[in-house]
Amino acid sequence: MNVVIAASEAVPFSKTGGLADVAGALFKEYLKMGINAYLFVPLYRITKEQYKDEIKTTGMSFDVSLGNITKECRVFSMQHVFFIENDDFFNREDLYGTQYGDYHDNGIRFAFFCKSIIEICKRIDIHFDIIHCNDWQTGLIPLYLKILYRDNPIFKGTKSVFTIHNLGYQGLFPPETMDIIGLGWDLFNPEGIEFYGNISFLKAGIIGADLITTVSKTYSKEILTPEFGYGLDGLLRKRKDSIVGIPNGIDYSEWDPSRDKFLSDNYTRANLSGKEGCKKELINRCSLAGGIDKPLLCFIGRLSRQKGLDILIEAIPDLIKIGINFVIIGRGEDKYQGMLWSLRHSFPENLFFYQGFDEPFAHLCYAGSDMFLMPSLYEPGGLGQLIAMRYGSIPIARNTGGPSETIEDGVTGFLFEEYSADALMNSVKVAVLIYTKYKKLWISIVKKAMGMDFSWSKSAKAYIDAYKGLMTKR
Ligand code: ADP
């Protein structure tokens with residue numbers, strides 16, 4: 001089976017969140033399974049800097065037309081990974097924007113990315129059975145295949161799969177973008193890719209793909225409702241027979257406390273002493289007071305409303321008063337960054353805030369913390385809770401999306417229903433009570449969580465089964 005994975009970020013080359021973990025790990029798993037898979041990602045500045053010795057030019061280059069302008073695509077590769085280079089678009093400080101907002105030309109950047117991927121597939125002359133696209137950045141590909149490349153023999157029988165990692169990010173651009181993407185203005189209507197006066201790249205993926213997947217089973221149902229549907233629930237309901245939920249896994253060669261190179265001490269489920277060493281290291285690095293026995297809670301993630309920052313920030317002062325320490329790593333909306341800095345100043349000995357993205361530090365936080373907070377308003381799949389369980393940091397999460405089907409309440413973590421600071425606090429209080437007063441029970445929860453299997457093999461097999469189902473359809 002020949003498969004393309006198209007993603008705007010993928011571990012280890014680029015990462016801002018879970019999409020990168022999923023795309024990178026799925027690709028790796030496919031190669032392990034003997035699938036002829038190719039990964040397509042942009043050649044960002046960070047990728048160039050970190051892999052300059054390994055990434056080689058293929059010698060392939062061609063022009064991509066985007067309305068009345070033309071941009072050159074140069075193609076680089078490293079084994080089965082293709083990197084799409086155009087320095088105007090991708091040689092930038094960050095992937096999608098600066099702290100002041102998204103890059104103004106994201107529409108043209110990712111239209112270029114989508115067109116380039118299809119053109120490369122054409123030129124390398126491999127007949128791909130599946131082109132697996134991810135999120136709005138690759139949403140145009142399914143429609144391009146259906147409209148612009150419909151009669152090209154190389155794509156005869158090629159099916160497109162579109163995975164929604166987060167419906168909240170839709171890739172909305174002004175109407176003029178229609179000229180750039182070149183799909184014809186007849187699609188600029190509510191049945192097409194118009195979304196309340198703008199163009200939605202996500203909608204292009206939803207209407208164009210042969211199969212739509214979401215990163216948990218629960219989320220595949222949630223998005224059909226107005227509460228989670230972001231205005232697309234009607235369209236998604238129309239396509240509900242083509243939607244499947246396939247839960248995320250994590251890459252246990254990256255996330256393994258017994259050999260994690262970012263940890264001061266390694267540990268296993270059978271011997272947890274190294275976890276204490278990691279906690280000491282984390283407490284020292286963050287200059288937290290209270291010592292090793294004080295419960296240490298962490299949050300790692302994007303600082304956005306979706307991740308539950310409103311209720312987390314509201315709950316923190318009361319939780320610190322009952323004897324809890326916090327480490328928070330993240331970057332995102334200014335208002336949350338500001339509020340977290342002000343909490344840091346109010347409680348310098350009990351709350352450490354790192355504003356930024358730091359993979360090694362994140363590893364230490366998963367290992368050194370006792371509990372992991374995920375109070376998300378909604379959570380399509382969520383990797384944080386899976387990683388936390390692997391590291392014996394017990395997740396306390398809202399009962400939604402991925403967490404609701406990966407955490408067993410009271411057994412491998414704690415779930416709460418209502419989106420409120422009170423509900424979050426009550427759940428934390430139960431966990432902390434067990435942690436402080438019922439040590440044996442706590443250790444059994446830790447061991448149970450660490451023993452859960454969220455490896456990629458199961459998820460990758462589910463994707464392959466879904467591909468096979470598609471390939472038998474004409
Ligand atoms: P998202 O909705 O952002 O994709 P997930 O829970 O699915 O959330 O995945 C987030 C991934 O990004 C995890 O691997 C998490 O450890 C990582 N991550 C998020 N924020 C940071 C950060 N500030 N520094 C380091 N890693 C981070």
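Just so it is clear, the values below take in all heavy atoms, side chains as well, and ignore hydrogens, waters and symmetry mates. Remember, it's 1-based here, ligands and their atoms both numbered in the order they're listed.
Among protein heavy atoms, the minimum distance from atom 4 (O) of ligand 1 is reached at Gly18 N, 2.7 Å. Nearest protein heavy-atom contact of atom 23 (N) of ligand 1 is Gly356 O, 2.8 Å. Looking only at heavy atoms of the protein, atom 19 (C) of ligand 1 is closest to Gly301 CA, 3.7 Å. Considering only non-hydrogen protein atoms, atom 12 (O) of ligand 1 sits nearest to Lys15 CE, 3.5 Å. Nearest protein heavy-atom contact of atom 3 (O) of ligand 1 is Arg302 NE, 2.9 Å. The single protein non-hydrogen atom nearest to atom 5 (P) of ligand 1 is Leu383 N, 3.6 Å, given as residue, atom name and distance. Given atom 22 (C) of ligand 1, the protein heavy atom at minimum distance is Phe357 CD1, 3.4 Å. Annotation: atom 24 (N) of ligand 1 to nearest protein heavy atom, Asp358 N, 3.0 Å.
Counting heavy atoms closer than 4.0 Å to ligand 1, residue Asp21 contributes side-chain atoms (C-beta onward) but none from N, CA, C or O. Proximity of Tyr366 to ligand 1, defined as any heavy-atom pair under 4.0 Å, is confined to the side chain (atoms from C-beta onward). Only the side chain of Lys307 comes within contact range of ligand 1, with a heavy atom under 4.0 Å; no backbone atom does.
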>> Could you walk me through whether Lys48 and Glu85 satisfy the salt bridge (charged side-chain N to carboxylate O under 4.0 Å, His left out) test, starting with their C-alpha distance in whole Å, then the side-chain angles of each, then the deciding distance to 0.1 Å, before giving a yes or no?
In response: CA-CA 10 Å; Lys48 259 190 189 176; Glu85 192 209 45; 2.7 Å; yes
>> Assess the residue pair Arg331 and Asp94 against the criterion (salt bridge (charged side-chain N to carboxylate O under 4.0 Å, His left out)); give the C-alpha distance rounded to whole Å, side-chain angles, the decisive distance to 0.1 Å, and a yes or no.
In response: CA-CA 13 Å; Arg331 60 180 185 177; Asp94 222 317; 3.5 Å; yes
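Ring planes of Tyr467 and Tyr463: tilted class, angle from 30 to 60°. Ring orientation note: the planes of Trp442 and Phe414 are close to parallel, at an angle under 30° on the 30°/60° scale.
Using a 4.5 Å heavy-atom threshold, the side chains of Ser216 and Glu405 count as touching. Residues Met339 and Leu343 are not in side-chain contact: their nearest non-hydrogen atoms beyond the backbone lie 4.5 Å or more apart. His165 is listed as a side-chain neighbour of Thr163, based on a closest heavy-atom distance under 4.5 Å. No side-chain heavy atom of Phe228 sits less than 4.5 Å from a side-chain heavy atom of Lys221.
Remark: of the listed residues Leu296, Asp358, Ile300, Ile300 is the sole one forming a side-chain contact (heavy atoms from CB on, under 4.5 Å) with Cys365.
Geometrically, Arg92 engages Tyr103 in a cation-pi contact, judged by NZ or CZ lying under 6.0 Å from the ring centre and within 45° of the ring axis.
Those atoms of ligand 1 with a heavy atom of Ala362 less than 4.0 angstrom away are 25 (C), 26 (N). Interface atoms of ligand 1 facing Gly384, defined by a heavy-atom separation under 4.0 Å, are 6 (O). Taking a cut-off of under 4.0 Å to the non-hydrogen atoms of Ile387, the atoms of ligand 1 that pass are 14 (O). If you number the atoms of ligand 1 from 1 as listed, the ones under 4.0 Å from a heavy atom of Gly330 come out as 23 (N).
A heavy-atom separation below 4.0 Å is not found between Gly381 and ligand 1.
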